[in-house]
Amino acid sequence: MENHGKAEKILEILAQSYGTEPWNWHTRRNPFRVLIGTVLSHRTRDEMTDAAAQAVLARYPDAASLADAPLADLQDLVRTVNFYKRKAARIKEIGRILVERHGGRVPDAMEDLLALPGVGRKTAACVLVYGFRKPAVPVDTHVHRISNRLGLVETQRPEATERALQQMLPEKWLLLVNELLVKHGQTVCRPRHPLCSRCPVRRYCHGASGH
DNA sequence: AAAACGGGGGC
DNA sequence: GCCCCAGTTTT
């Protein structure tokens, strides 16, 4: 209610500050690309992830080819991302499961996505909203922290933040809320030592430090 | 609820 | 050298 308008206002300001350019593996409505790119991105800076994701997807553009990829080649292609050995095995296994259980395609149900190795709610939400344009909110540590700091939610668990944001936000913002809050979280509203004096939405913020 | 996983870039 | 990072899984 009160927060509906507030959330939208905040996102409008952040969109002006940071732009609305989507992350590159989100640019196509391709659930497979979104899935693989997002799994590779876990706990890894996006500039490290991008080249790896592009390389994998260029050589293995679908589930069937990924399932048959040599593990050593996958490891080599994704060597720049964090947890690369585990992730190489995971995306190969994801390919195998997609072929075996889903006809080689990415499922569009949260429950099916969560059954894939290395896929939690955040990754599943990315696939749903970026890949399928279905309503979902990817909540990572930035989104959770900033939503609380701004007083949009008062939640302990990310899943509660996810539900609240999805209810609060008009559909047009679902594609952008994650990227805008992540960008804000990386540059200004950092986990420690936030740069509140430079914050474009500080007048909405409950947790501003140093006034 | 907290720890483990696990590695390269930036300061 | 130390600290950080678009999470997920396991204890």
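Chain A is the first sequence line, chain B the second, and so forth, proteins listed ahead of strands; every chain is numbered from 1.
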Side chain to side chain contact (heavy atoms under 4.5 Å, CB included) partners of [X], counting only residues at least two apart:
X: Arg190(A); answer: His193(A), Leu195(A)
X: Glu100(A); answer: Arg96(A)
X: Thr80(A); answer: Ala52(A)
X: Lys85(A); answer: Gln75(A)

Quote, to the nearest angstrom, the [atom1] distance that separates [N] from [M].
N: dG7(C); M: dG10(B); atom1: C1'; value: 22 Å
N: dC4(C); M: dA3(B); atom1: P; value: 16 Å
N: dG8(B); M: dT9(C); atom1: C1'; value: 23 Å
N: dT8(C); M: dG9(B); atom1: P; value: 24 Å

Original post:
Within a strict 4.5 Å, meaning less than it, do heavy atoms of the Thr141(A) and Pro191(A) side chains meet?
Top reply: no
Subject >> Non-hydrogen side-chain atoms of Asp46(A) and Asp50(A) separated by less than 4.5 Å >> reply: no
**OP:** Using the test side-chain hydrogen bond (donor to acceptor under 3.5 Å, both in side chains), find all partners of Glu154(A) that sit at least two apart in sequence or belong to another chain.
**Re:** none
Subject >> Residues which pass side-chain hydrogen bond (donor to acceptor under 3.5 Å, both in side chains) with Thr44(A), listed by chain and number, not counting sequence neighbours >> reply: Lys87(A)
Would you kindly give the [atom1]-to-[atom2] distance between [X] and [N], to the nearest whole Å?
X: Asp46(A); N: dC4(C); atom1: CG; atom2: P; result: 19 Å
X: Arg45(A); N: dG7(C); atom1: CZ; atom2: P; result: 11 Å
X: Glu93(A); N: dT8(C); atom1: CD; atom2: P; result: 17 Å
X: Lys122(A); N: dC5(C); atom1: NZ; atom2: C1'; result: 12 Å

Subject >> Pairs involving residues 103-122 of chain A, ordered by first then second residue, that meet side-chain hydrogen bond (donor to acceptor under 3.5 Å, both in side chains) (sequence neighbours left out) >> reply: Arg121(A)-Glu162(A)
Original post:
Does Val78(A) belong to the same Ile/Leu/Val/Met/Phe/Trp/Tyr cluster as Phe83(A), with side-chain heavy atoms less than 4.5 Å apart forming each link?
Top reply: no
**OP:** Specify the residue among Glu47(A) and Lys85(A) whose closest nucleotide of DNA chain B lies further upstream toward the 5′ end.
**Re:** Lys85(A)
Original post:
Mind checking which nucleotides bracket the chain A contacts on DNA chain B, 5' to 3', with an atom under 4.0 Å from a heavy atom?
Top reply: dC5(B) to dG9(B)
**OP:** Give Asn82(A) one of three labels, base, sugar-phosphate or nothing, depending on what nucleic acid heavy atoms sit under 4.0 Å from its own.
**Re:** base
Original post:
Which is true for Arg192(A) with a 4.0 Å heavy-atom rule: it touches a base, it touches only sugar-phosphate, or it touches nothing?
Top reply: sugar-phosphate
Side-chain N or O of [X] closer than 4.0 Å to phosphate OP1/OP2 of [N]:
X: Thr123(A); N: dT8(C); answer: yes
X: Arg43(A); N: dC5(C); answer: no
X: Thr141(A); N: dG7(C); answer: yes

Subject >> DNA chain C: 5'-proximal contact among Pro191(A) and Arg121(A) (nearest heavy atom) >> reply: Pro191(A)
Subject >> ring pair (Phe, Tyr, Trp, His ring centres under 6.0 Å) partners of His184(A), counting only residues at least two apart >> reply: Tyr18(A)
Original post:
Want to know the stems of DNA chain B: at least 3 consecutive Watson-Crick or G-U pairs with distances under 3.5 Å, which are they?
Top reply: B:1-5 with C:7-11, B:7-11 with C:1-5
Just distance, no hydrogens or angles: give the donor-acceptor pairs under 3.5 Å from side chains in residues 60-67 of chain A, sequence neighbours left out.
{"unit_1": "Tyr60(A)", "atom_1": "OH", "unit_2": "Asp73(A)", "atom_2": "OD2", "d": "2.5"}
{"unit_1": "Asp62(A)", "atom_1": "OD1", "unit_2": "Ala64(A)", "atom_2": "N", "d": "3.4"}
{"unit_1": "Asp62(A)", "atom_1": "OD1", "unit_2": "Ser65(A)", "atom_2": "N", "d": "2.9"}
{"unit_1": "Asp62(A)", "atom_1": "OD1", "unit_2": "Ser65(A)", "atom_2": "OG", "d": "2.8"}
{"unit_1": "Ser65(A)", "atom_1": "OG", "unit_2": "Asp62(A)", "atom_2": "N", "d": "3.4"}
{"unit_1": "Ser65(A)", "atom_1": "OG", "unit_2": "Asp62(A)", "atom_2": "O", "d": "3.0"}

I'd like a list of close polar pairs between nucleotides 9-11 of chain C and the protein, N/O only, cut-off under 3.5 Å.
{"unit_1": "dT9(C)", "atom_1": "OP1", "unit_2": "Gly118(A)", "atom_2": "N", "d": "2.8"}

